[in-house]
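Lettering of chains follows the sequences in order, A, B, ..., and the numbering in each one begins at 1. Predicted model only: the values in this text are computed from it and were never measured.
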Amino acid sequence: MAWRGQLTKNLRELRFLFCQSSPASSSARSFVENNYKELKTLNPKLPILIRECRGTEPQLWVRYDFGVEKGIRLEGLSEEQIFKALKEFAKL
Amino acid sequence: MGLGLLASRALRPAASRLLRYPPRHGLARAIGSTPERQSPEASAAQAQPDPAPELPPRKPVAGARVHLPNPEDAIEVFVDGYPVKIPKGMTVLQACEVAGVDIPRFCYHNRLSIAGNCRMCLVEVEKSPKPVASCAMPALPGMKIKTDTPIAKKAREGVMEFLLMNHPLDCPICDQGGECDLQDQSMAFGSDRGRFTEVKRSVVDKNLGPLVKTVMTRCIQCTRCVRFATEIAGVQDLGVLGRGSGEEIGTYVEKLMTSELSGNVIDICPVGALTSKPFAFKARNWELKGTETIDVTDAVGSNIRIDSRGPEVLRILPRLNEDINEEWISDKTRFCYDGLKRQRLNDPMIRGADGRFQAVSWHDALAMVGEVIHKVGPEEIVGVAGKLSDAESMMALKDFLNRMGSNNVMCEGNGKHPNADLRSGYIMNTGIAGLEKADVFLLVGTQPRVEAAMVNARIRKTVRATHAKVGYIGPPTDSNYDHEHLGTGPQTLTELAEGRHPFCSTLKNAKNPAIIVGAGLFEREDSDAIFSAIETIAKNGNVVRPDWNGYNVLLLHAAQAAALDLGLVPQSPDSIKSAKFVYLMGADDINLKDIPDDAFVVYQGHHGDQSVYRANVILPASAFSEKEGTYENTEGCIQQTLPAVPTVGDARDDWKIVRALSEVAGVQLPYDSVGGIRSRIWTVAPNLVSVDEREPTTFSTTTMRPNTNQKISPNDFGMAVENFYMTDAITRASKIMAQCSAMLLKK
Amino acid sequence: MAFTLRSVKVPPNSASLEEARHRVFDFFRAACRSIPTVMDIYNLDDVVTKSHLRSAISAEIRKNLHVTNPKVIDMLLFKGMEELNNIREHAKQRHHIIGQYVVGNHGLVQDLGAKEKDMSDFLKSFYKSNYF
């Protein structure tokens with residue numbers, strides 16, 4: 001769990017995109033609802049952007065130094081799987 | 001007023017009687033004797049009346065949609081024989097509009113109270129001894145309204161004749177010619193000749209300021225301006241003096257119209273009595289090409305129509321948008337256009353060794369910038385987006401600087417530690433139209449009258465209609481509605497958060513409380529603490545609920561919302577003080593003293609305002625009237641500007657400059673068209689791509705923001721906007737705005 | 001000999017830079033007004049558009065942007081009028097026009113642009129104008 005506080009070492013920006021009401025984004029919505037506060041308290045300087053828009057597929061985007069960006073679709077992923085993906089992104 | 005349908009109906013000859021009743025059995029129509037009358041059997045045989053003539057289905061005027069709030073409560077009236085269902089409180093004129101009949105009027109306006117003094121809207125109603133003023137008469141069930149009978153037509157001709165009696169023969173020199181209601185209606189409804197042989201009366205002109213030109217002789221005393229000033233602008237400057245033909249509209253004392261909505265009386269006046277002073281004698285309306293765009297002088301994003309002739313913008317008119325600005329625009333929006341002609345940058349320039357600028361070609365300018373940017377380390381590169389930047393250019397700037405290794409891209413006005421995480425923390429969650437449902441307002445550190453005049457007009461509308469209560473925390477200001485001045489600084493906020501202030505009970509008992517926070521608070525050092533105090537107040541007052549989110553932030557600049565959506569958050573807040581390469585994209589209001597003396601500054605913008613004097617390289621860009629850009633207003637509604645005039649000189653669009661620069665610097669951006677940039681924006685903030693839509697937010701900062709340990713400083717709240725008329729590069733370059741700020745500001 | 005040598009109506013001296021400027025603009029207007037005739041005479045409809053010729057004329061005028069002496073401007077205007085009259089009277093031929101004004105400098109400079117060959121299309125059109 002300690003890696004959650006070390007996100008700013010490699011990441012420069014975190015973005016969650018999802019739809020406000022569609023069922024495909026429900027896991028993304030619940031992830032944000034449950035974990036945003038904790039993640040932000042541990043990484044106060046890291047911009048964690050939550051962007052909702054009707055009809056968007058749920059995605060997680062991560063920005064590293066020099067503009068390199070990586071993203072994955074969050075459709076159908078459970079909360080632990082999203083955490084795992086985030087951890088993988090933070091390592092690289 | 002769209003009189004095409006109206007005029008064509010008036011000029012169409014009524015169906016001739018002869019065609020409906022052709023002579024029967026070869027009998028010519030004998031006077032008084034027809035077969036029907038001679039024998040009862042024949043008349044019984046003919047007794048069935050003509051089946052109701054197949055009336056073509058009628059649509060409401062201008063394609064409006066009629067909303068019946070309670071369908072059971074709808075009344076049915078007959079307009080020219082056509083039955084139409086209308087809601088209960090409508091007037092006869094509105095019923096005729098639903099039926100597709102446009103009745104001529106001068107004094108009636110659907111957003112003002114009813115006066116009924118022009119008498120042009122007279123229609124004949126069955127069982128009424130005289131024609132009735134349709135704008136004032138409520139429609140009763142079963143009423144039969146006739147608008148095209150000889151009585152109604154005679155009434156209109158008579159009224160028109162009376163109006164024209166004292167009206168001067170000014171059409172050739174009147175600015176309203178070509179778009180004048182009096183001209184159009186006299187052509188459609190007036191008689192062809194007048195009988196007036198006396199001397200016309202004339203009235204002395206009033207001085208209402210540098211914006212509104214008055215020729216009071218042309219006034220027809222419809223009192224629209226008086227009602228607008230009293231009701232919507234909230235200033236009771238104008239009034240009617242005198243009686244009969246000696247009636248004059250004016251301010252009784254020598255007073256200028258200082259209201260920020262004073263330019264709207266120009267649109268409202270049906271004749272050329274009140275016209276635009278800067279636009280006087282410049283053009284006729286048929287020469288002008290109208291382009292529908294968005295205003296960027298403040299964060300409201302009022303819809304406007306730019307009228308241009310060739311390469312010059314000649315005037316700005318409002319467009320109807322029920323959600324944002326209804327039909328009004330503020331004076332700053334309306335009259336800032338002459339700033340687009342002055343102080344324009346049109347050639348790329350490089351500052352030579354002697355400190356003077358030299359015009360160079362784009363090739364050389366970009367080559368120089370590309371060279372310098374590689375000599376600097378990534379942490380020393382800073383980008384600042386300006387107040388008037390559109391979303392595409394901010395995206396390009398952020399991408400470019402990120403690829404160069406810098407994470408310090410910021411936008412003016414968002415403060416040093418902007419929190420762009422949750423959208424509900426920086427937009428107006430209720431929506432501007434939604435403010436009408438609120439019944440208690442708490443304004444914290446914001447003066448809507450100077451920051452966003454249209455939001456202020458909406459608050460005033462709510463206060464007037466429902467007697468909503470308004471509490472205000474900030475420096476003393478005057479506003480056009482009754483408000484309670486709760487305090488001047490954060491102490492009042494802490495008192496409210498802890499429940500000690502008497503206003504807390506008002507908030508708790510409110511059905512739909514709305515808290516409006518000013519974006520000026522972003523600049524404070526203790527902004528986190530202040531916002532957490534406001535969030536406590538919101539939680540205690542039950543301001544944020546699933547069906548109603550009353551927590552609003554009123555932004556100051558057009559680019560702020562899009563910048564925060566795109567994530568223009570600097571990594572280190574004071575990066576500008578140690579920067580070696582500063583890229584200013586239209587940023588004129590940053591503190592230039594913060595930039596170190598040996599830093600290389602690139603200024604990309606359209607006006608030579610303040611930052612140009614510090615720049616080393618100038619790259620000319622296009623202004624909002626010359627480019628197609630996406631802007632997000634303070635409530636989160638995405639709108640697009642369209643180019644109305646061609647770019648000045650050798651200027652280019654902002655995003656194109658950044659894209660070309662990225663290629664010259666070796667980190668070519670992956671897109672080279674507008675579509676490409678929009679797809680990129682779609683992966684960053686997808687709501688910026690859906691134009692004319694407002695995305696509601698899901699998570700509110702009241703529950704989701706982490707706690708902060710900051711202490712609130714005791715400094716009082718300041719005024720974010722000192723001079724309403726001069727807030728950005730375009731308005732500072734405008735002569736009209738300079739005149740206004742000299743004459744109309746309250747000292 | 002039906003040479004209708006249109007005389008240059010410009011008297012030799014402009015009083016000031018302002019007057020010389022106005023003369024330049026009048027010259028530009030006269031040149032643009034004769035573009036349709038020129039295109040008709042030399043059958044340039046397939047080769048070039050009117051706006052291209054207008055830009056070519058303005059580029060030629062802009063080449064002498066730096067001149068401030070009214071007498072020099074007058075002299076350049078005289079030469080310009082002479083050239084314009086020659087073109088109008090069909091004293092030149094089609095290949096002259098195409099070589100001097102249609103292809104212009106681009107055709108000659110193509111070899112010198114070797115270092116800029118790796119410019120993308122975007123950058124090339126960016127340098128030319130804002131609208132592409």
For the residue pair [X] and [Y], what are the closest heavy atoms and their distance?
X	Y	value
B/P706	A/Y36	CD-CE2, 4.4 Å
B/R694	A/R54	O-NH2, 3.3 Å
B/G567	A/L49	CA-CD1, 3.7 Å
B/R423	A/I50	CG-O, 3.9 Å
B/T703	A/K37	O-NZ, 3.6 Å

(request) Give, for atom OG1 of B/T683 and atom CZ of A/R51, the distance between the pair rounded to the nearest 0.5 Å. (result) 12.5 Å
(request) To the nearest 0.5 angstrom, please state how far the CZ atom of A/F66 sits from the CG atom of B/N407. (result)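 Result: 9.0 Å between the selected atoms.
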(request) Using modelled atom types only, decide if a donor and an acceptor are shared between the side chain of B/R403 and the backbone of A/D65 within a distance under 3.5 Å. (result) no
(message) Between B/D421 (side chain only) and A/I48 (backbone N and O only), is there a donor and an acceptor less than 3.5 Å apart?
(response)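 Yes, B/D421 side chain to A/I48 backbone: donor-acceptor pair under 3.5 Å.
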Using non-hydrogen atoms only, which part of [X] is less than 4.5 Å away from chain B: side chain, backbone, both, or neither?
X	result
A/F18	side chain
A/E13	side chain
A/E69	side chain

(request) Take atom CD of B/E523 as the centre, draw a 6.0 Å sphere, and report whether it contains more than 12 heavy atoms from other residues, nucleotides or ligands. (result)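 Check passes, neighbour count above 12.
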(request) May I ask you to test the B/M704-A/V32 pair for a side-chain heavy-atom distance under 4.5 Å? (result) yes
(message) Need one label for B/P696: side chain, backbone, both or neither, based on atoms under 4.5 Å from any heavy atom in chain A.
(response) both
Sort out for me which of [options] touches chain A most, counting heavy-atom pairs under 4.5 Å.
options	value
B/T697, B/V684, B/N687	B/V684
B/V569, B/T708, B/L688, B/L422	B/L422
B/T698, B/N707, B/D399	B/T698

(message) Quick check on the interface: out of A/K45, A/R29, A/E33, A/E38, who has the most heavy-atom pairs with chain B under 4.5 Å?
(response)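 Counting heavy-atom pairs under 4.5 Å, the top option is A/E33.
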